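Fair warning: this is a prediction, and the values are worked out from it, not measured in the lab.
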Amino acid sequence: MRIVIWLVLLFVVAVVAATTLGSNDGIVTIYWRGWRTDLSLNLFVLVVVAGCFAFTSAAQAVNALVTLPKRAGEWRALRRERAAQAALREALSEYFSARYSRAHKAATRAIAIQQDSAGLQADAEFSVLAHLLAAGSLHRLQDRTRRDELLRKLPSAGRKGGVAGGRSADDGARLLAAEWALDDRDAGRALDLLSELPPGVARRTQALRLKLQACRLSRRPLEALHTARLLAKHQGFSPVAAQGLLRSLAFEALEGVHDLQQLQRLWDEFDAADRRDALVVARAARRAAALGACEEARNWLRPFWERLGELGREERDEIALALMDCADGIGTDWLPRLESAAQEYLHEPAVLVAVGMAYAERQLWGKARRLLEQAASSAALPSVVRRRCWRLLARLAREESDESRARDCENFAAGLD
């Protein structure tokens with residue numbers, strides 16, 4: 001089909017040429033210094049076209065000859081660039097194949113080729129990627145000295161040129177450096193690197209994950225709690241994992257306080273969601289009770305005690321046991337709530353022991369003994385709580401001059417040691 005088309009085009013050209021050049025009536029006369037030359041119009045046109053073609057060809061030949069060194073340099077630069085790109089791709093392939101020695105050699109070769117090529121020296125993104133691959137390979141090989149030496153070269157390489165790709169690569173370099181610092185258990189360096197990130201990059205999920213690990217490693221539970229809450233909002237964890245992590249961080253922060261003022265400041269800095277978590281509130285109340293602020297602890301527990309029915313079994317047990325720990329000095333305003341809770345949750349030992357301890361604090365010995373005996377006999381309670389119940393029962397028996405029952409209670413408590 002292609003041959004047929006070419007034949008048709010050839011016939012068309014022949015017809016047009018015959019039609020145009022068929023008549024040879026025109027004459028072109030050229031005068032030069034007494035000489036006269038007569039040419040037919042057709043021959044003159046052919047000579048002009050041939051002359052233009054010859055002049056153009058000669059100009060192109062001269063230009064090619066003159067620019068030969070330049071084109072040779074461009075060709076060599078292109079070969080170096082292709083070699084550098086090939087070395088970088090090889091380093092990536094070897095790195096992901098866990099051949100870190102080969103990856104480091106390939107990345108080093110790419111860096112050397114780039115430094116010898118003037119065209120590649122301005123490519124900031126290439127430089128950072130090659131340095132990162134080399135440093136990452138050394139990190140995997142546990143060669144921290146040479147890795148840190150490469151990392152020190154990264155800032156100047158990452159900012160050279162100031163293009164968007166270079167800035168992105170520089171941010172990636174800082175994130176990787178922070179991750180490597182965490183692998184080295186150097187939380188301070190990781191936090192310093194993360195603090196140098198732009199605000200937008202610092203809010204990315206990976207940056208928040210690294211900051212969370214660094215805060216936990218450096219024992220900053222409150223800062224880790226705020227970071228974990230940001231991660232939970234960004235769906236960095238599943239809901240169940242997020243809730244467990246937030247609770248554990250809140251518990252860790254509470255265990256780190258040593259006085260009431262510090263505890264109150266920490267409570268004020270807690271997120272509203274933390275103050276609505278029954279387990280966190282229970283732990284905070286216990287910590288307050290340990291520091292002698294039982295009244296403040298009961299104020300934190302009061303809203304939850306008033307809606308025990310809305311809580312799950314685990315949350316209700318924790319609230320009840322926390323109230324048991326801060327029963328010292330409990331007022332009579334709690335008695336109606338305690339009575340209704342004991343009647344409604346008659347088969348939950350944690351609620352019974354909390355009510356029993358409160359009754360004992362108010363010197364309601366009869367009510368307290370019945371509930372404490374029922375709770376102390378339950379294996380569902382922790383042994384330390386049951387032991388505390390038996391010892392309180394022994395004290396109540398001695399108050400009633402019943403030494404035999406007191407010895408029995410002491411024996412039950414000793415059996416739980």
Working for side chain to side chain contact (heavy atoms under 4.5 Å, CB included), residues R80 and Q114: CA-CA 8 Å; R80 286 195 296 269; Q114 185 207 21; over 6 Å; no

Sequence neighbours excluded, every pair satisfying ring-ring contact (aromatic ring centres under 6.0 Å, His included) that has a member inside residues 339-359: none

Contact summary for L254 and A284, nearest pair of heavy atoms: CD1-N, 3.6 Å

Spacing of W6 atom CH2 and M1 atom CE [to the nearest 0.5 Å]: 14.0 Å

Inter- and intrachain pairs under ring-ring contact (aromatic ring centres under 6.0 Å, His included), touching residues 249-280, at least two apart: W267-W300

Polar side chain donor-acceptor pair, Q343 to E339, under 3.5 angstrom: yes

4.5 Å side-chain heavy-atom contact, L88 and L133: yes

Audit row: D277, L246, side chain to side chain contact (heavy atoms under 4.5 Å, CB included) steps and yes/no: CA-CA 10 Å; D277 192 327; L246 292 172; over 6 Å; no

Minimum heavy-atom distance L392-A360, with the two atoms named: CD2-CB, 3.9 Å

R203 atom CZ, over 12 foreign heavy atoms within 6.0 Å: no

Any E94 side-chain heavy atom under 4.5 Å of K105 side chain: no

Close side-chain approach of L197 to L175, heavy-atom, < 4.5 Å: yes

Full working for side chain to side chain contact (heavy atoms under 4.5 Å, CB included) between L364 and L335: CA-CA 11 Å; L364 301 174; L335 294 180; 4.3 Å; yes

Could you list the donor-acceptor pairs under 3.5 angstrom formed between side-chain atoms of residues 286-295 and any protein atom two or more places apart in sequence or on another chain?
unit_1 : atom_1 : unit_2 : atom_2 : d
R286   : NE     : D325   : OD2    : 3.2
R287   : NE     : V257   : O      : 3.4
R287   : NH2    : V257   : O      : 2.6
E295   : OE1    : R298   : NH2    : 2.7

Qualifying residues under ring-ring contact (aromatic ring centres under 6.0 Å, His included), relative to Y95, sequence neighbours excluded: Y100

Distance in Å, Q115 CD paired with I111 CD1, rounded so as to fall on 0.5 Å steps: 7.0 Å

Which residues share a salt bridge (charged side-chain N to carboxylate O under 4.0 Å, His left out) with R216, sequence neighbours left out: none

Which atom of M324 lies closest to which atom of A354, heavy atoms considered: CB-CA, 4.1 Å

All side chain to side chain donor-acceptor pair (under 3.5 Å) counterparts of E255, not counting sequence neighbours: none

Basic-acidic side-chain contact under 4.0 Å: D171, R174: no

Close side-chain approach of N299 and E296, heavy atoms under 4.5 Å: yes

Inter-residue atom distance T332.OG1 - L338.CG, 0.5 Å rounding: 11.0 Å

Exercise: identify the closest heavy-atom pair between G172 and L132: C-CD1, 4.5 Å

Side-chain heavy-atom pair L352, E348 within 4.5 angstrom cut-off: no

Heavy atoms from other residues, nucleotides or ligands near CD1 of I3 exceed 12 (cutoff 6.0 Å): no

Pairwise distance CZ(R146) to CD(E149) - rounded to 0.5 angstrom: 8.5 Å

Considering all heavy atoms, the nearest L191-C215 contact: CD2-SG, 4.2 Å

Student check: side-chain heavy atoms of L301 and C326 closer than 4.5 Å: yes

Distance in Å, L231 CG paired with K211 NZ, rounded so as to fall on 0.5 Å steps: 10.5 Å

Verdict with supporting geometry, E90 and R109, salt bridge (Lys or Arg N to Asp or Glu O under 4.0 Å): CA-CA 10 Å; E90 180 185 354; R109 187 166 66 252; 2.6 Å; yes

Shortest non-hydrogen contact between A232 and A242, atoms and distance: CB-CB, 4.0 Å

Beyond-backbone contact of L396 with R391, side-chain heavy atoms, under 4.5 angstrom: no

Sequence-distant partners of R99, side chain to side chain donor-acceptor pair (under 3.5 Å), two or more places apart: none

Salt bridge present between D274 and R229 (N-O < 4.0 angstrom): yes

Member of L266, L230, L249, L245 meeting the side-chain contact (heavy atoms from CB on, under 4.5 Å) criterion with L225: L249

Pair C389-M357, side chain to side chain contact (heavy atoms under 4.5 Å, CB included): steps then yes or no: CA-CA 8 Å; C389 290; M357 289 289 183; 4.3 Å; yes

Which donor-acceptor pairs under 3.5 Å do the side chains of residues 303-312 make with protein atoms, sequence neighbours left out?
unit_1 : atom_1 : unit_2 : atom_2 : d
E306   : OE2    : R337   : NE     : 3.4
E306   : OE2    : R337   : NH2    : 3.3

Donor-acceptor under 3.5 Å (S93 side chain, R89 main chain): no

Heavy-atom side-chain contact between R76 and R79 under 4.5 Å: no

Donor-acceptor contact below 3.5 Å, side chain E361 vs main chain D328: no

Option from E252, E314, E315 for which salt bridge (charged side-chain N to carboxylate O under 4.0 Å, His left out) with R247 holds: E315

CG-CG distance between L194 and L208, expressed to the nearest 0.5 angstrom: 9.0 Å

Pairs touching residues 182-193 that satisfy salt bridge (Lys or Arg N to Asp or Glu O under 4.0 Å), sequence neighbours left out: R144-D184, R147-D184

Residues which pass ring-ring contact (aromatic ring centres under 6.0 Å, His included) with H226, listed by chain and number, not counting sequence neighbours: none

Side chain to side chain donor-acceptor pair (under 3.5 Å) partners of D271, counting only residues at least two apart: none

Main-chain N/O of A135 paired to H139 side chain as donor or acceptor, under 3.5 Å: no

Under the side chain to side chain donor-acceptor pair (under 3.5 Å) test, residues paired with Q264 that sit two or more places apart: D268

